[in-house]
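The sequence lines fix the lettering, A, B, ..., with proteins before strands; numbering per chain opens at 1.
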Number of protein chains: 2
Amino acid sequence: MIEHGVLNNQLSVLRAKKGYSQKDVAEKIGVSRQTIVSIEKNKYNPSLKLAFELAYLFEVEVEEVFQYILKEEL
Amino acid sequence: MIEHGVLNNQLSVLRAKKGYSQKDVAEKIGVSRQTIVSIEKNKYNPSLKLAFELAYLFEVEVEEVFQYILKEEL
DNA sequence: ACATTATGTAAAAAATATATTACATTCAGT
DNA sequence: ACTGAATGTAATATATTTTTTACATAATGT
């Protein structure tokens, strides 16, 4: 895939606001804690559904959880 | 994963507006045409990066390409 | 000092997205 | 009637995400 940008996310910030631990988020979404850790550290590229579920949990838009930083902006 | 919604998308509409074929989109994004077909038919759950690349191509927000329809709304 | 919770890391297995190839069908243009 | 472009479907192979399990460390409360 041609990649015009790189993924970034605000997961730890959003977690802190709500006072959720990684484990809390994992359980609320129904994935493993490892998945949350990996996403939080930008280790990989989650599925769109997972992104929407995270946005739903934190009651924000997908773009507030994940940012696609265009390479030309770096 | 707990799924509060189902994915829907406007790919064929956006393609039509721009006059792009599936092949065009596949080539512009750098994925196979099969991937575009499968996403368009809601056969699966693309990666977030791919969703962002599609939004970038069509010059719209991710939410204009993909909608997460909450099950309570169905 | 001890127990508990939160976080970070890692490796292997399982699940799923994506690639590749091939073929069928429909439709527009000639 | 023919050709080429666009779309739909399917099977297998490959790549990547996600799970599972386990262990290490730091921080907090008792």
Side-chain angles (χ1 to χ4, degrees), chain A residues 1-58 60-71, chain B residues 1-58 60-71:
Chain A
M1 187 173 70
I2 297 164
E3 305 201 355
H4 291 94
V6 297
L7 271 183
N8 189 30
N9 73 81
Q10 304 302 130
L11 257 190
S12 61
V13 175
L14 292 164
R15 277 201 303 108
K17 274 191 195 163
K18 291 252 184 188
Y20 292 159
S21 68
Q22 294 173 338
K23 188 181 177 217
D24 290 338
V25 173
E27 285 173 355
K28 283 171 188 293
I29 305 253
V31 296
S32 68
R33 183 173 67 91
Q34 204 38 238
T35 296
I36 302 302
V37 173
S38 297
I39 292 171
E40 207 162 297
K41 309 231 109 190
N42 292 307
K43 284 260 187 71
Y44 52 58
N45 180 14
S47 69
L48 181 58
K49 269 189 189 172
L50 180 42
F52 271 117
E53 282 293 334
L54 286 164
Y56 177 73
L57 174 63
F58 291 113
V60 298
E61 300 291 302
V62 170
E63 281 86 350
E64 286 186 63
V65 186
F66 294 97
Q67 294 78 43
Y68 199 52
I69 314 290
L70 294 178
K71 285 179 176 165
Chain B
M1 189 174 68
I2 297 166
E3 305 201 355
H4 290 94
V6 297
L7 272 182
N8 189 30
N9 73 81
Q10 302 303 130
L11 257 189
S12 61
V13 175
L14 292 163
R15 278 202 301 109
K17 274 191 194 161
K18 291 253 185 188
Y20 293 159
S21 68
Q22 294 173 339
K23 188 180 177 219
D24 290 338
V25 173
E27 284 173 355
K28 283 171 188 292
I29 305 253
V31 296
S32 68
R33 184 173 67 88
Q34 204 38 237
T35 295
I36 302 301
V37 173
S38 297
I39 291 170
E40 206 162 299
K41 309 233 109 189
N42 293 305
K43 284 259 188 71
Y44 54 58
N45 179 14
S47 69
L48 182 58
K49 268 190 189 172
L50 180 42
F52 272 118
E53 282 293 335
L54 285 164
Y56 178 74
L57 173 63
F58 291 113
V60 297
E61 300 292 301
V62 170
E63 281 86 350
E64 286 187 62
V65 187
F66 294 97
Q67 295 78 41
Y68 199 52
I69 314 289
L70 294 179
K71 285 181 177 165

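- A:Lys41 comes within 4.0 angstrom of the backbone, heavy atoms only, and of no base.
- Looking at the side chain of A:Val37, the nearest of the listed nucleotides D:dT7, C:dA17, C:dT9 is C:dT9.
- Close to C:dT18, at under 4.0 Å from its OP1 or OP2, lies no side-chain N or O of B:Thr35.
- In this structure, CD in B:Glu63 is found 12.5 Å from CD in B:Gln10, a value given to the nearest 0.5 Å.
- Atom pair A:Ile39:CD1 and D:dT19:C1' shows a separation of 13 Å (rounding to whole Å applied).
- At least one side-chain heavy atom of B:Leu50 sits less than 4.5 Å from a side-chain heavy atom of B:Ile39.
- Taking the centre and axis of the six-membered ring of B:Phe58, the NZ or CZ atom of B:Lys17 falls outside the cone set by 45° and 6.0 Å.
- Residue A:Ser47 is in sugar-phosphate contact alone, with no base atom involved, counting any heavy-atom pair closer than 4.0 Å across all strands shown.
- When rounded to the nearest whole Å, the span between CG of A:Asn45 and C1' of C:dT18 equals 12 Å.
- A salt bridge between A:Glu27 and A:Arg33 is absent, with no side-chain N of the basic residue lying under 4.0 Å from a carboxylate O of the acidic one.
- Between A:Lys43 and A:Met1, the residue anchored nearer the 5' end of DNA chain C, judged by the nucleotide with its closest heavy atom, is A:Lys43.
- For B:Arg15, taking side-chain heavy atoms from C-beta onward, the closest of the listed nucleotides C:dT18, D:dT7, C:dG8 is D:dT7.
- What separates CG of B:Leu11 from C1' of D:dA6 is a distance of 16 Å, to the nearest Å.
- Rounded to 10°, the helix from C:dA1-D:dT30 to C:dT30-D:dA1 has 40° between the axis fitted to its first five pairs and the one fitted to its last five.
- In this structure, B:Ser21 reaches the sugar-phosphate backbone alone: every heavy-atom distance under 4.0 Å involves primed, P, OP1 or OP2 atoms, never a base.
- Using a 4.5 Å heavy-atom threshold, the side chains of B:Ile29 and B:Tyr56 count as separate.
- Set against C:dT9, C:dT18, D:dT7, the side chain of B:Arg33 has D:dT7 as its closest nucleotide.
- Here C:dA17 presents its C1' atom at 15 Å from CG of B:Asn42, a figure rounded to the nearest Å.
- For B:Tyr44 and C:dA19, the OH to P distance is 7 Å, given to the nearest whole Å.
- A straight line from CG of A:Leu50 to P of D:dT18 spans 6 Å, rounded to a whole angstrom.
- The side chain of A:Pro46 lies closest to D:dT18, out of C:dT18, D:dT18, D:dA11.
- In this entry the distance linking CD of B:Glu40 with C1' of D:dG8 reads 11 Å, nearest Å.
- A close approach under 4.0 Å does not occur between any side-chain nitrogen or oxygen of B:Gln34 and OP1 or OP2 of C:dA17.
- Inter-residue side-chain proximity for A:Leu14 and A:Tyr20 is flagged as unmet; no heavy-atom pair is nearer than 4.5 Å.
- B:Val31 comes within 4.0 angstrom of the backbone, heavy atoms only, and of no base.
- As a whole-Å value, the separation of A:Leu48 CG from D:dT18 C1' is 16 Å.
- With hydrogens and angles left out, the side-chain atoms of A:Glu53 and B:Tyr68 include a donor and acceptor closer than 3.5 Å.
- Judged by distance alone, the side chains of A:Thr35 and A:Ser32 do bring a donor and an acceptor atom under 3.5 Å apart.
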